[in-house]
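As the structure lists them, so they are numbered: ligands from 1, and atoms in each ligand from 1.
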Amino acid sequence: MKPYELFIGGTWVAPRAGGRFDAVNPFTGKTWAQLGEADASDVDAAVTAAAEAQPGWAATNGATRALILNRIADVIVDHASEMAVFESTDNGKVIRETSSQMLFAARLFRFFAGYADKLYGSVIPLDNPHVFDYTRREPYGVIALITAWNSPITLLCNKLPAALAAGNTVVVKPSEHASVSTLELCRLLEKAELPPGVVNVVTGAGDTGAALVEHPGIAKISFTGSPAVGRRIAAAAGQNLKPVTLELGGKSPNIIFDDADPEAATVGALAGIFGATGQTCVAGSRLLVQRGLYERITETLVERAKAIRLGDPLDPASEMGTVANRPQLDRIMAAIEGAKSEGARLLTGGGRARGEALGDGLFVEPTIFADVRNDMTVAQTEIFGPVLSILPFEEEEEAVRIANDIPFGLAAGIWTRDINRAMRLVPQMRTGGVWVNTYRMVAAQAPFGGTKESGFGRERGEQGILDFTVQKNVMIDWSGTASDPFAIKN
Ligand code: NAD
């Protein structure tokens, strides 16, 4: 069993009150690591360490920060396989995905390293020709980064390199359900000789996160998690007048038109809901299929879903791993029962998956409901598991209406070979992102985030780093004259 401490000021420290909690492997059901439960005094120590390190970190020039961030990327690449094993052991996600996620984390470090010495301001011509006006991009100070359990390193690295490249220091609070890979990342930061205090990690449950959010030393909060907790964080941030980025849940429409490539669309539908065992914020959990392809797509999906290879998350042959933790399993099973009772037609799955190779692992069968109406609970609430709702539609306008008739606005997929249709539909999707003829594709350069109850702010892409900066405007009057003190100058 691996014991972990908190990572504060570049050293590993025991929680002051001595609290501990267990990390349980969702495949074996066994406790495999023990973590420190940080209380408010530990959070205070972490914020203090970050605050002490921040001026020095911000004072390093961009080129130096870029060098260090690139060094971190190198170390992540060197240790990608071990990191993937830590994460898959902790949250049951298949190793083929966590392995590529580690390389993507390194890519994000390199991408934001490239911005560290290119945080340009603008020179702005004013009406008054005797004033030189320019803008600067400055760090906020200490940022709180709070993440969910489904992809701890990806979610963290959507934020961390951008925050650091901009000259901020951070206190990270990973999910209590999957903290190990974040702590292991700290070991890699040590190897890469990141100065102490620039990154601090406090582990613990919601109370630890709440103490961090409430801490007066925090200048900005960046949160990835559920809309319910997002609301509480936004309320606390509002009370304390702190800026906040929220990356929340989704119930994304994946829309297949009659003119789509049926094979590509089927694969996109599978990726959308059974990739990552459906435990992804962008899950294409509402599949809208036009009548002409409805029977064909539904039948093929059922066939393919039945053939998905469930197994040991650490086995490269496994296509779907376990659900990440017991509370999540219970939520998924309750949602499936709810869908049955409200009359959705169960085509496949619907229960725990069992078998010799699956042991006591928290496996759920790939589950498909057809003939779902958009007003059903199964179509409106985020399940965060391998449960697909298929909704038929006749006309394009109807598809748009159904797609947008949801409180969430994270992502949408459109499958069509008609470029005019695609161009027409993209602006109509009330979502932060749209995929056309692909699904669940990520890129360091492309901004990611939500609208409506899926949150606000952007990660990755240029906006991903700008959101970690404060824009300062500077006016330099070089006229050498004094003007009327009782009239505003312009
Ligand atoms: P969660 O909201 O329960 O927990 C997220 C984090 O918040 C955890 O670290 C938790 O300990 C912490 N937390 C809990 N209460 C808190 C409080 N009062 N103050 C501060 N922190 C608190 O979410 P989860 O169950 O870990 O993750 C699943 C959710 O995350 C889903 O809704 C999913 O869609 C969402 N998610 C969104 C994205 C995205 O980028 N949009 C990505 C992944 C997951």
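In this structure, Ala205 counts as a contact residue of ligand 1, since one of its heavy atoms falls inside 4.0 Å of the ligand.
Among Ser226, Ala236, Gly225, the residue whose heavy atom lies closest to atom 2 (O) of ligand 1 is Ser226.
Side-chain contact between Pro316 and Arg96: absent, with no pair of heavy atoms (C-beta onward) separated by less than 4.5 Å. Side-chain atoms of Asn150 and Gln328, non-hydrogen and from C-beta on, never get closer than 4.5 Å to each other. Inter-residue side-chain proximity for Tyr140 and Pro243 is flagged as met; some heavy-atom pair is nearer than 4.5 Å. The shortest side-chain heavy-atom distance between Pro227 and Arg231 falls under the 4.5 Å cut-off. Residues Tyr4 and Glu184 form a side-chain contact, since some pair of their non-hydrogen atoms from C-beta on lies under 4.5 Å apart. For the pair Cys281 and Leu410, the minimum side-chain heavy-atom distance is below 4.5 Å. With a 4.5 Å cut-off on side-chain heavy atoms, Asp39 and Pro15 do not count as touching. Looking only at side-chain heavy atoms (C-beta outward), Asp90 and Trp149 stay at 4.5 Å or farther from each other.
Which parts of ligand 1 touch Leu248 is read off a 4.0 Å heavy-atom cut-off, strictly below it: atoms 34 (O), 37 (C), 38 (C), 39 (C), 41 (N). Heavy-atom proximity to Ile233, at under 4.0 Å, picks out these atoms of ligand 1: 19 (N), 20 (C), 21 (N). Every atom of ligand 1 with a heavy atom of Lys173 under 4.0 Å away is listed here by number and element: 8 (C), 9 (O), 10 (C), 11 (O). In summary, the atoms of ligand 1 found under 4.0 Å from a heavy atom of Leu155, numbered by their order in the structure, are 42 (C), 43 (C). Interface atoms of ligand 1 facing Phe223, defined by a heavy-atom separation under 4.0 Å, are 2 (O), 5 (C), 6 (C), 7 (O). Every atom of ligand 1 with a heavy atom of Pro227 under 4.0 Å away is listed here by number and element: 32 (O). Near Gly209, meaning under 4.0 Å from one of its heavy atoms, ligand 1 places the atoms 19 (N), 20 (C), 21 (N).
Look at Arg20 and Glu5 and you find a salt bridge, because one of the NZ, NE, NH1 or NH2 atoms lies within 4.0 Å of a carboxylate O, short of that distance.
Nearest protein heavy-atom contact of atom 26 (O) of ligand 1 is Trp149 CD1, 3.0 Å. Nearest protein heavy-atom contact of atom 17 (C) of ligand 1 is Gly206 O, 3.7 Å. For atom 8 (C) of ligand 1, the closest heavy atom belonging to the protein is Thr147 O, 3.3 Å. Here the protein heavy atom with the shortest distance to atom 36 (N) of ligand 1 is Cys281 CB, 3.6 Å. Here the heavy atom of the protein found nearest to atom 27 (O) of ligand 1 is Ala148 CB, 3.2 Å. The protein non-hydrogen atom at the shortest distance from atom 34 (O) of ligand 1 is Glu382 OE2, 2.5 Å. Among all protein heavy atoms, the one lying closest to atom 22 (C) of ligand 1 is Val229 CG1, 3.5 Å. Shortest contact from atom 12 (C) of ligand 1 to any protein heavy atom: Ile146 CG2, 3.9 Å.
Without hydrogens or angle criteria, Ser454 side chain to Leu248 main chain gives no donor-acceptor distance under 3.5 Å.
Residue contacts with ligand 1 for Arg232 involve side-chain atoms from C-beta outward but no N, CA, C or O (heavy atoms, distance under 4.0 Å). Contacts of Ser151 with ligand 1, taken as heavy-atom pairs under 4.0 Å, are absent altogether. The part of Pro174 lying near ligand 1 is the backbone, judged by heavy-atom distances below 4.0 Å.
When the shell of 6.0 Å around NZ of Lys30 is examined, it contains 12 or fewer heavy atoms from other residues, nucleotides or ligands.
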key: Full working for side-chain contact (heavy atoms from CB on, under 4.5 Å) between Trp12 and Arg187   = CA-CA 10 Å; Trp12 296 92; Arg187 294 199 205 288; 4.0 Å; yes
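For ligand 1, the polar-atom distance check against Asn150 finds no nitrogen or oxygen pair separated by under 3.5 Å. Any N or O atom pair closer than 3.5 Å counts here, and Glu176 shares at least one such pair with ligand 1.
Classified by interplanar angle (parallel below 30°, tilted 30° to 60°, perpendicular above 60°), the ring pair Trp435/Tyr439 is tilted.
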